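Here the structure is a predicted model, which means the values were calculated and not measured.
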Amino acid sequence: MRQLILSLTIIFLLTDQIICNYLKSVFFSETPLCTSELECRQAKLKLDSYCATCTVILPMVKFLILTDLTKVLEKMALAICVGPDFSNTKMCQDIINTYKSTVYKVLIKTPLSDEELCHAFLECKPVKNKALNWTINLPDTKKPEPIQPQKPLPFFPTIRILHLTDIHFDMEYKTGSLADCDQILCCRNQSTSMNKSESKKRLAGAWGDYRYCGLPQWTLESMFDHISKKDEFDFIYWTGDLGPHSVWEDSKENQLEYFKNLRLMFEKYFPNKKIYSTVGNHDTEPDNLYPLMKTNSMSWLYDALYPDWQRFGAPESQKKSIQNRGAFYTTELFPGLRLFSLNNAYCYAYNFWMFINSVDPLDQLKLLVQILQESENKGEKVHIIGHINPSGCMRSFSENYYKIVNRYESTIVGQFFGHTHNDQFEIFYDLENLKRPVGVAYMTGSITTYPLMNPAYRIFEIDGAYRSSSYQILDYETYFMNLTEANLKPKSGPVWRKEYSAKRAYNLNSLLPSEWNNFIESLWNDVNNPLFDVLYRHFSKSYDQEIDCDFKCRRSFLCKFKQARSDFFIRCY
C-alpha cells in the first residue's frame with residue numbers, strides 16, 4: 001500500500017509538471033523554431049526533459065490500468081484539469097470519459113516501449129520500432145527530368161477553384177455570452193468563469209469573436225451568400241473541420257447534424273457546383289480518433305458522407321474507397337488533370353490509434369503512388385487535397401509523403417490543405433539538393449476566427465483547361481471579413497472584401513516553388529523588408545494587431561515556410 005501511495009504521488013506531481021509545461025510551451029504560445037545551433041541544442045534539452053518525465057510516468061499509469069485502478073487515475077486527471085476554481089469540472093469530466101477508453105486500449109496494445117511511446121508522441125527523437133518507422137516503396141520507373149512549365153499566354157483559358165477549410169461553426173453560439181471562459185470553447189450559454197465581476201466585459205460579438213469561440217452559423221451563411229453573388233469559380237475544394245471545438249460534448253449524432261447542415265447550405269448557395277471534399281481531425285467522434293477499419297468501424301461516418309460526396313462530384317466508382325477503405329478517393333477533374341483526396345487524419349499523432357500501428361494506414365500512400373505513376377505515364381497532372389498540412393503529420397508519414405512529392409514533382413502541380421487555421425505555405429526541397437525547391441503545399445486560412453484571426457476563404461486561378469495545359473497554379477486571391485468592423489456595426493452586416501492577391505502582394509513573377517523560395521530567402525536576408533510585415537499580417541488574415549516581432553522571432557517565423565516535414569530537417573542557420 002505504501003508503494004502504491006508513493007507511486008500515485010509521483011504520478012500526480014510529474015503529470016502535473018509535464019502537462020502544464022508541455023501545454024504552455026506548445027499550445028498556448030508561438031513555439032519558435034531554432035535559428036542557431038545553440039538554440040537548437042537548448043530546445044532539444046528542454047524537449048528531452050519532457051520525454052524523461054513521460055518515461056517515468058507511463059509505467060505507473062499502465063500499472064494502474066492493469067490492476068483495475070483506473071478510477072484513481074481519472075480522479076488525478078480531473079484534479080489536474082479543473083484547477084483551483086472548479087468552474088470547468090463538467091467539461092473536464094466529460095473529456096476524461098470521452099477519451100479514457102481509447103487511451104487505455106492503446107496503452108495496453110501498443111507494441112512501443114514506454115520510452116518509444118513518449119519519444120514518438122512528444123517527437124523528441126526518431127523511434128526505430130517498425131510500428132512507427134516505415135518506408136513506402138516507389139516504382140522502379142526512372143524519374144523524368146523536371147521541366148519548368150512555361151507561362152501561358154494571357155488569352156489562354158483558366159480555371160478558378162474556391163478553397164474552403166476549417167469552418168468550425170457552432171450552432172450553440174450565443175451573442176452576448178461569455179467569450180473568455182474556463183472551457184476549451186466559449187461564446188455559448190454554458191460558458192462559465194470564476195471571475196463573475198469581469199464577465200460583462202468579455203461578451204461574444206454579434207458576428208463572432210476573436211477568442212476561443214466557434215463561428216456563428218449566420219456569419220458562415222453571410223460568407224456563402226457573398227461568394228454566390230460576387231465571386232466566379234468553377235468548383236470547390238472543401239478540406240475539412242466542420243464543427244466546433246466542443247470535444248467534451250461531441251456525439252456521432254451531433255457530427256452528422258453538422259454535415260447535414262453543411263450539405264443544405266451547399267445546395268442552397270452553390271447548387272450547380274462540384275464540391276470535392278476530405279475530412280478533418282475534428283470531423284469524427286471522439287475528435288481526432290479515426291480507428292483503422294480493421295480495428296474498429298467508421299461506417300457511421302463514411303456511410304453518411306458518401307451520398308453527399310457522390311452528389312457533389314465524387315465518382316460512383318470510388319464508393320468502395322470512401323465507404324470501406326477510409327474516405328479517400330481519386331477522380332478526373334478535366335482531361336489531363338486528376339484529383340487525389342487524402343484522409344490524412346490517419347497521419348495525426350493525436351489519433352492515438354496510430355500508436356498501435358501507423359504503417360501506411362489503409363494503404364493510402366501506396367494508392368497515391370499508384371495513381372501518380374499512372375498519371376505520369378499518361379501525361380496527367382495531379383492535385384492533392386487533404387486536411388492536415390504535411391509537416392503536421394507523424395514523422396514516417398510526413399517523410400514518405402515528402403519523398404513522394406520529390407519523385408513526382410513534375411506530376412503534382414497543386415497541394416491544398418488546411419488545419420493550421422493560418423494563411424501559410426510549406427516548401428518541399430529536392431532530397432539530393434536541399435537548395436532546389438520542388439513543390440509547395442498551400443494552407444488556406446480558416447473560415448473560423450478561432451483564435452485571434454479574421455474569417456477568410458481563397459480562390460485559386462490555374463492554367464487550363466485546354467490541350468497541353470500545364471494546370472499550374474497561376475495566382476490566388478484571399479478574401480476576408482474584418483470582425484472588429486462587423487461587430488461595431490452589427491446591424492449593417494459583415495463586409496467581405498479582397499485581402500490580397502499573391503503575385504501582386506509579394507511581387508512574384510509566378511507561383512512556382514522557385515519563386516516562393518526566392519521570396520522567403522529575400523526576407524531571410526533582410527528581415528526588415530516591408531514585405532515581411534505583409535506576410536506576417538496575412539498569416540492571421542489581417543487580424544487587428546501590432547507586429548511585435550524581433551529579429552529572432554522573424555527568422556523563426558520565416559523558417560516555418562521552408563518546412564514541409566515534421567522533423568523540420570531543413571536547417572535555418
Side-chain angles (χ1 to χ4, degrees), residues 11 14-15 17-19 21-23 25-27 31 33-34 40 43-63 65-66 73 77 99-136 281 284 286-292 294-296 343-365 386-403 419 563-569:
I11 290 176
L14 291 180
T15 304
Q17 174 193 345
I18 191 170
I19 289 176
N21 289 344
Y22 186 68
L23 290 180
S25 67
V26 177
F27 296 107
T31 307
L33 295 175
C34 54
C40 287
K44 186 177 185 307
L45 287 172
K46 188 175 183 180
L47 197 55
D48 285 346
S49 70
Y50 293 145
C51 277
T53 308
C54 174
T55 304
V56 173
I57 292 171
L58 266 186
M60 302 178 191
V61 171
K62 286 183 178 178
F63 170 76
I65 296 171
L66 291 170
L73 194 60
Y99 288 98
K100 64 182 183 182
S101 174
T102 300
V103 170
Y104 296 160
K105 288 178 183 176
V106 171
L107 287 178
I108 298 304
K109 291 185 177 181
T110 179
L112 305 177
S113 68
D114 297 332
E115 183 180 22
E116 287 173 333
L117 186 56
C118 289
H119 281 286
F121 184 68
L122 300 177
E123 296 187 337
C124 301
K125 66 180 183 181
V127 174
K128 295 182 179 180
N129 192 298
K130 62 182 181 180
L132 291 184
N133 188 18
W134 49 276
T135 301
I136 195 81
N281 57 296
T284 185
D287 283 38
N288 301 318
L289 300 184
Y290 282 81
L292 297 171
K294 294 176 182 178
T295 308
N296 200 353
N343 179 0
N344 64 356
Y346 289 104
C347 80
Y348 198 37
Y350 293 96
N351 182 6
F352 302 138
W353 296 108
M354 296 301 99
F355 291 104
I356 295 177
N357 184 11
S358 74
V359 179
D360 191 12
L362 308 179
D363 290 331
Q364 271 197 90
L365 293 187
H387 177 68
I388 295 172
N389 54 306
S391 72
C393 290
M394 295 175 70
R395 189 170 303 216
S396 284
F397 193 105
S398 183
E399 290 177 1
N400 279 286
Y401 181 78
Y402 204 102
K403 183 173 73 170
H419 185 61
Q563 311 300 330
R565 254 175 51 171
S566 58
D567 59 355
F568 301 113
F569 83 117

By side-chain hydrogen bond (donor to acceptor under 3.5 Å, both in side chains) - contacts of S396 (at least two apart):
none
Test item: Y99 side-chain N/O and D287 main-chain N/O as donor-acceptor pair under 3.5 Å:
yes
Do L292 and W353 come close enough that some side-chain heavy atom pair is under 4.5 Å?
no
On a heavy-atom basis, the closest approach of M394 and F355 is CE-CE2, 3.8 Å
Are side-chain heavy atoms of L107 and L117 found at a separation under 4.5 Å?
yes
Nearest atoms (heavy-atom pairs only) where E123 meets R395:
O-NH2, 4.0 Å
Quick one: list whatever passes side-chain hydrogen bond (donor to acceptor under 3.5 Å, both in side chains) with S566, sequence neighbours left out.
none
Please identify each residue that fulfils side-chain contact (heavy atoms from CB on, under 4.5 Å) with C118, with sequence neighbours left out.
C54, T55, L58
Nearest-0.5 Å distance that lies between atom OH in Y402 and atom OG in S391
10.5 Å
Do V127 and N133 have side chains that get closer than 4.5 Å, going by heavy atoms?
no
Residue pairs meeting salt bridge (charged side-chain N to carboxylate O under 4.0 Å, His left out), one or both in residues 52-62, sequence neighbours left out, come to K62-D114
Not counting sequence neighbours, which residues clear salt bridge (charged side-chain N to carboxylate O under 4.0 Å, His left out) with E399? List them please.
R565
Please identify each residue that fulfils side-chain contact (heavy atoms from CB on, under 4.5 Å) with I108, with sequence neighbours left out.
I65, L66
Provide the closest heavy-atom pair for M354 versus Y290 in the form atom of the first, atom of the second, distance.
CE-O, 4.2 Å
Between T135 and N400, is there a donor-acceptor pair closer than 3.5 Å when you use the side chain of the first and the backbone of the second?
no
Could I get the full list of ring-ring contact (aromatic ring centres under 6.0 Å, His included) partners for F397, not counting sequence neighbours?
none
Tell me every residue that passes side-chain hydrogen bond (donor to acceptor under 3.5 Å, both in side chains) with N129, counting only those two or more places apart in sequence or in another chain.
E116
Sequence neighbours left out, what passes side-chain hydrogen bond (donor to acceptor under 3.5 Å, both in side chains) with N343? Give chain and number order.
Y302
Between the OG atom in S358 and the CG atom in L112, the distance rounded to the nearest 0.5 Å is 8.5 Å
Heavy atoms of Y401 and P390 approach each other most closely as CE2-CG, 3.9 Å
Considering non-hydrogen atoms only, spot the tightest contact between Y348 and N281 and give its length.
CE2-ND2, 3.7 Å
Once rounded to the nearest 0.5 Å, what's the spacing between atom OG1 of T102 and atom CG of L289?
5.0 Å
Between P361 and W134, the two heavy atoms sitting closest are CD-CZ2, 4.4 Å
List for me each residue that meets ring-ring contact (aromatic ring centres under 6.0 Å, His included) alongside H387, sequence neighbours excluded, and say none if there are none.
H419
Do T53 and V56 have side chains that get closer than 4.5 Å, going by heavy atoms?
no
